[in-house]
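Let me begin by presenting the structure, written as structure tokens, before commenting on it.
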Amino acid sequence: TQTDVMPLENFWVEVSEHGLLSRTEVDVPNRLGGINSPWSMMRTNTHQTVFLVTTEGKCAAIHSLSIPQQRQGEEGVQAAKIAPLNEHDILQGVFAIPLETDEAESKYVITVSRQGMIKRSNVGDLPGASAASFILAKINENDELFEVLLSSGNQDVLITTARGMSIRFNEEEVRAMGLVAAGVNAIKLKNGDYVI
């Protein structure tokens with residue numbers, strides 16, 4: 001298989017504030033502070049598929065080695081140059097799963113929108129690296145994807161809003177849905193409030 005012939009090497013994937021992607025050469029993250037500190041970072045390896053998720057709920061799956069190594073003084077590359085995304089797409093989440101896994105059926109990806117919609121999908125439903133993007137979560141008009149999380153299948157979710165309202169529940173209360181679903185309401189919002 002692919003993982004049998006490819007050496008296992010760990011590295012960090014970083015996303016800049018402007019949505020530029022890069023990876024470290026070794027298993028050491030770049031500095032966390034200062035002007036050029038990353039907006040998001042994730043430890044992964046050569047045996048994983050990286051998923052890039054936009055604010056519109058669109059997702060692209062690429063092999064982790066498709067992300068170029070960061071050179072001194074460089075920020076990275078636009079997602080549209082290495083993945084089937086458009087230049088105007090705004091990255092909102094990045095996660096990785098193994099190329100080959102027996103545990104896929106017990107893992108879930110959870111998405112939460114600014115307007116309080118939550119969706120839980122089985123990791124086994126996700127396609128592998130491909131030349132086409134897909135919809136991870138259908139996002140309603142006047143809403144945007146806010147958070148993407150990987151879960152073990154039995155974790156608590158805590159959602160908080162800008163006005164200080166919160167709700168906590170076990171993820172099993174949200175049934176698993178297919179990729180094209182929009183999800184269900186996780187929290188009722190008053191006018192002008194949104195998930196943070």
From Leu179 atom CG to Leu126 atom CG, the distance as rounded to the nearest 0.5 Å:
6.0 Å
Is the shortest side-chain N to carboxylate O distance from Arg23 to Glu14 below 4.0 Å?
no
Is Ile196 atom CD1 crowded by more than 12 heavy atoms from other residues, nucleotides or ligands, each under 6.0 Å away?
yes
Membership question, hydrophobic clusters at under 4.5 Å side-chain separation (ILVMFWY): are Val148 and Val195 in the same one?
no
What do you reckon, is OH of Tyr194 surrounded by more than 12 foreign heavy atoms closer than 6.0 Å?
no
Relative to each other, are the rings of Phe51 and Phe134 parallel, tilted or perpendicular (30° and 60° limits)?
perpendicular
Under 3.5 Å donor-acceptor, Thr46 side chain and Pro7 backbone
yes
Phe146 backbone acceptor or donor facing Gln92 side chain under 3.5 Å:
yes
Search all heavy atoms of Ala186 against all heavy atoms of Ile167 and return the closest pair with its distance.
O-CD1, 3.4 Å
So do the side chains of Asn191 and Asp193 get within less than 4.5 Å of each other, counting heavy atoms only?
no
For Ser133 versus Pro84, what's the shortest heavy-atom pair and its separation?
CB-O, 3.3 Å
Got a second to check how far Leu136's CG is from Asp125's CG, nearest 0.5 Å?
10.5 Å
Mind checking whether Val77 and Leu20 have side chains closer than 4.5 Å, heavy atoms only?
no
Going from CG on Leu150 to CE on Met42, what distance comes out if it is rounded to the nearest 0.5 angstrom?
9.5 Å
Would you find more than 12 non-hydrogen atoms of other residues, nucleotides or ligands less than 6.0 Å from Glu172 atom CD?
yes
Under 3.5 Å side-chain donor-acceptor pair for Ser64 and Gln48:
no
Check whether any side-chain heavy atom of Tyr108 sits under 4.5 Å from a side-chain heavy atom of Ser121, and report yes or no.
no
Is the side chain of Ser22 donor-acceptor paired with the backbone N or O of Gln69 at a distance under 3.5 Å, no angle test?
no
For the residue pair Leu85 and Ala80, what are the closest heavy atoms and their distance?
O-CB, 3.3 Å
Met177 atom CE, neighbour heavy-atom count above 12 within 6.0 Å
yes
Is any side-chain heavy atom of Leu145 closer than 4.5 Å to one of Ser113?
no
When you check the gap from the basic side-chain N to the acidic O, do Arg114 and Asp143 get nearer than 4.0 Å?
no
Using 0.5 Å steps for rounding, measure from the OG atom of Ser166 to the CD1 atom of Ile159.
9.5 Å
Any side-chain heavy-atom pair of Phe169 and Ile187 under 4.5 Å:
no
